[in-house]
Amino acid sequence: MPELPEVETIRRQLVEKVVGARIKKVEVRLAKVMKNSTSGTELLEGKAITGVFRRGKWLWLALEGDWALAFHLGMTGQLVWEGKGELPPHTHLLIELDRGRLRFTDFRQFGRVRLGKSKEIRDYLEEKLGPEPLSPIFSASYLENVLAKSRRPVKALLLDQKAVAGLGNIYTDEALFLAGIDPRRPACTLAEDEVKKLHEAIQKVLAEGIAHRGTSIRNYVDATGVAGEHGLFLHVYGRGGQPCLRCGTLIKKIKLCGRGTHFCPHCQR
DNA sequence: AGTATCCTGGAA
DNA sequence: TTCCAGGATACT
């Protein structure tokens with residue numbers, strides 16, 4: 001589920017809710033979600049949360065003592081701040097705070113949590129992720145260079161977190177539609193003006209996704225447990241067989257890079 | 001560069 | 001009952 005706009009939405013809300021809060025107790029309810037499980041989450045007890053950061057689809061809590069707790073939500077992960085109440089099923093990590101609690105809930109169990117010193121976590125993320133698509137480092141010429149080096153379908157490159165961090169299946173399909181580019185095109189065949197359009201489209205779809213607090217197709221909710229509104233604004237994702245909003249041609253759904261891929265065969269060349 | 005794999009549950 | 005799903009990785 002959660003791509004950059006969803007994770008950024010959660011981050012912004014958590015900044016308001018948990019920065020300054022102190023951890024009372026951490027309960028790992030499904031051991032395998034702890035990825036680099038050094039011993040312990042016990043060492044976090046009593047520490048205050050000093051910040052909430054995002055890198056690509058990763059979100060991490062900065063904690064006193066230069067510790068960091070990083071989350072990747074996989075396909076169906078939720079990170080929700082709330083008061084007491086019955087705990088939903090598939091809640092794998094529970095952080096009790098002096099104000100409310102933070103729960104990590106993920107029914108498909110693809111999500112992961114890493115605990116480490118903050119430098120360790122930052123290094124790990126820098127090593128595996130390409131530039132942030134909404135930062136100046138992600139320029140049109142950077143994108144041009146990356147695409148020029150590969151014959152793979154352009155969609156495969158956009159999904160590659162090392163090429164650019166944070167795009168997933170929804171926003172990739174949407175960006176390619178806005179740019180008018182067929183997802184199957186070998187990356188190196190894009191002309192300079194097409195790369196420019198694609199670069200612009202990527203930043204636009206992500207910004208809109210954030211403005212609408214993310215896309216709730218299945219079970220995504222933001223950090224307050226509320227669904228996102230961006231599903232109402234999708235052009236192609238999930239619209240296979242329906243008319244293109246621009247030209248009326250039926251949206252095609254195919255399998256590409258092992259993923260459902262939606263595009264307009266008329267608008268995208 | 002494709003595809004099997006980790007999981008659960010809703011839809012076809 | 002089979003297929004499919006906002007992801008990533010470990011294989012052929």
Side-chain angles (χ1 to χ4, degrees), chain A residues 1-11 29-36 54-59 70-80 88-92 104-114 124-125 127-130 133 147 149-177 183-189 202 205-206 208-210 212-223 226-241 253-262:
Chain A
M1 83 38 173
E3 305 180 31
L4 187 152
E6 289 74 32
V7 180
E8 177 63 17
T9 298
I10 293 170
R11 188 196 69 80
R29 307 173 88 238
L30 182 66
K32 73 172 184 184
V33 305
M34 293 304 300
K35 193 55 186 178
N36 59 338
R54 181 190 59 74
R55 183 76 173 82
K57 299 172 190 172
W58 287 80
L59 178 145
F71 297 83
H72 190 294
L73 302 181
M75 290 272 247
T76 54
Q78 304 175 332
L79 201 51
V80 175
H90 307 296
T91 297
H92 308 317
F104 169 60
T105 303
D106 178 16
F107 80 83
R108 284 182 76 182
Q109 305 179 17
F110 291 168
R112 289 296 178 259
V113 183
R114 299 184 80 94
Y124 170 79
L125 297 179
E127 184 204 314
K128 67 186 307 171
L129 299 175
L147 296 180
K149 279 187 271 189
S150 173
R151 300 200 53 79
R152 299 166 71 198
V154 57
K155 169 155 178 169
L157 265 287
L158 298 186
L159 286 174
D160 182 345
Q161 301 300 297
K162 198 120 199 178
V164 49
L167 286 171
N169 210 28
I170 296 179
Y171 295 96
T172 295
D173 281 4
E174 291 296 309
L176 287 165
F177 172 78
R184 298 166 295 188
R185 288 264 301 279
C188 61
T189 66
I202 290 169
V205 294
L206 293 175
E208 288 176 352
I210 294 170
H212 296 132
R213 295 180 7 272
T215 306
S216 293
I217 294 293
R218 215 152 269 103
N219 75 330
Y220 163 74
V221 291
D222 67 20
V226 177
E229 306 290 345
H230 193 62
L232 299 169
F233 300 89
L234 298 176
H235 297 90
V236 287
Y237 185 87
R239 299 196 62 249
K253 181 176 178 191
I254 62 169
K255 193 139 213 162
L256 184 63
C257 326
R259 315 297 300 278
T261 298
H262 316 72

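Here is how names work: the chains are called A, B, and so on, in the same order as the sequence lines, proteins then strands, and each is numbered from 1.
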If we take the [atom1] atom in both [N] and [M], what is their distance in whole Å?
| N | M | atom1 | value |
| --- | --- | --- | --- |
| dC3(C) | dT3(B) | P | 15 Å |
| dG9(B) | dT9(C) | C1' | 23 Å |
| dA8(C) | dG10(B) | P | 24 Å |

Would you mind reading off the distance between [X] atom [atom1] and [N] atom [atom2], rounded to a whole angstrom?
| X | N | atom1 | atom2 | result |
| --- | --- | --- | --- | --- |
| Arg112(A) | dT9(C) | CZ | C1' | 11 Å |
| Arg55(A) | dA8(C) | CZ | P | 13 Å |
| Met75(A) | dC3(C) | CE | C1' | 13 Å |
| Asp173(A) | dA5(C) | CG | P | 11 Å |
| Leu30(A) | dC6(B) | CG | P | 15 Å |
| Ile217(A) | dA5(C) | CD1 | C1' | 10 Å |
| Asp106(A) | dT8(B) | CG | C1' | 10 Å |
| His72(A) | dT9(C) | NE2 | P | 8 Å |

Short side-chain N/O contact to [N] OP1/OP2 from [X], under 4.0 Å:
| X | N | result |
| --- | --- | --- |
| Gln161(A) | dA8(C) | yes |
| Lys128(A) | dT9(C) | yes |
| His90(A) | dC7(B) | no |
| Lys32(A) | dC6(B) | no |

Side-chain-base donor-acceptor pair under 3.5 Å for Arg259(A) and dA5(C):
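Side chain to base: no pair below 3.5 Å.
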
Is the backbone of [Y] close enough, under 3.5 Å, to the side chain of [X] for a donor and an acceptor to pair up by distance?
| X | Y | answer |
| --- | --- | --- |
| Lys149(A) | Cys188(A) | no |
| Arg55(A) | Lys57(A) | no |
| Lys35(A) | Phe71(A) | no |
| Thr172(A) | Leu159(A) | no |

Paired with dG7(C): which nucleotide, if any, by Watson-Crick or G-U wobble criteria at under 3.5 Å for both distances?
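Per the H-bond distance test, dC6(B).
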
Can Phe110(A) be said to stack with the base of dC6(B), given centres closer than 5.5 angstrom and planes under 30 degrees apart?
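Here the ring of Phe110(A) and the base of dC6(B) are stacked, with centres under 5.5 Å and planes under 30°.
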
What contact category does [X] fall into here, base, sugar-phosphate, or nothing, at under 4.0 angstrom with non-hydrogen atoms?
| X | value |
| --- | --- |
| Gly168(A) | sugar-phosphate |
| Tyr237(A) | sugar-phosphate |
| Lys253(A) | sugar-phosphate |
| Gly214(A) | nothing |

So, taking the atom named CD in Glu6(A) and the one named CD1 in Ile170(A), what distance separates them when rounded to the nearest 0.5 Å?
6.0 Å

By nearest atom, which of the nucleotides dG7(C), dG2(B), dC7(B) is closest to the Lys57(A) side chain?
dG7(C)

Which word best sums up how the rings of Tyr124(A) and Trp58(A) line up, parallel for under 30°, tilted for 30 to 60°, or perpendicular for over 60°?
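Taking Trp58(A) first and then Tyr124(A), their aromatic rings stand perpendicular (interplane angle over 60°).
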
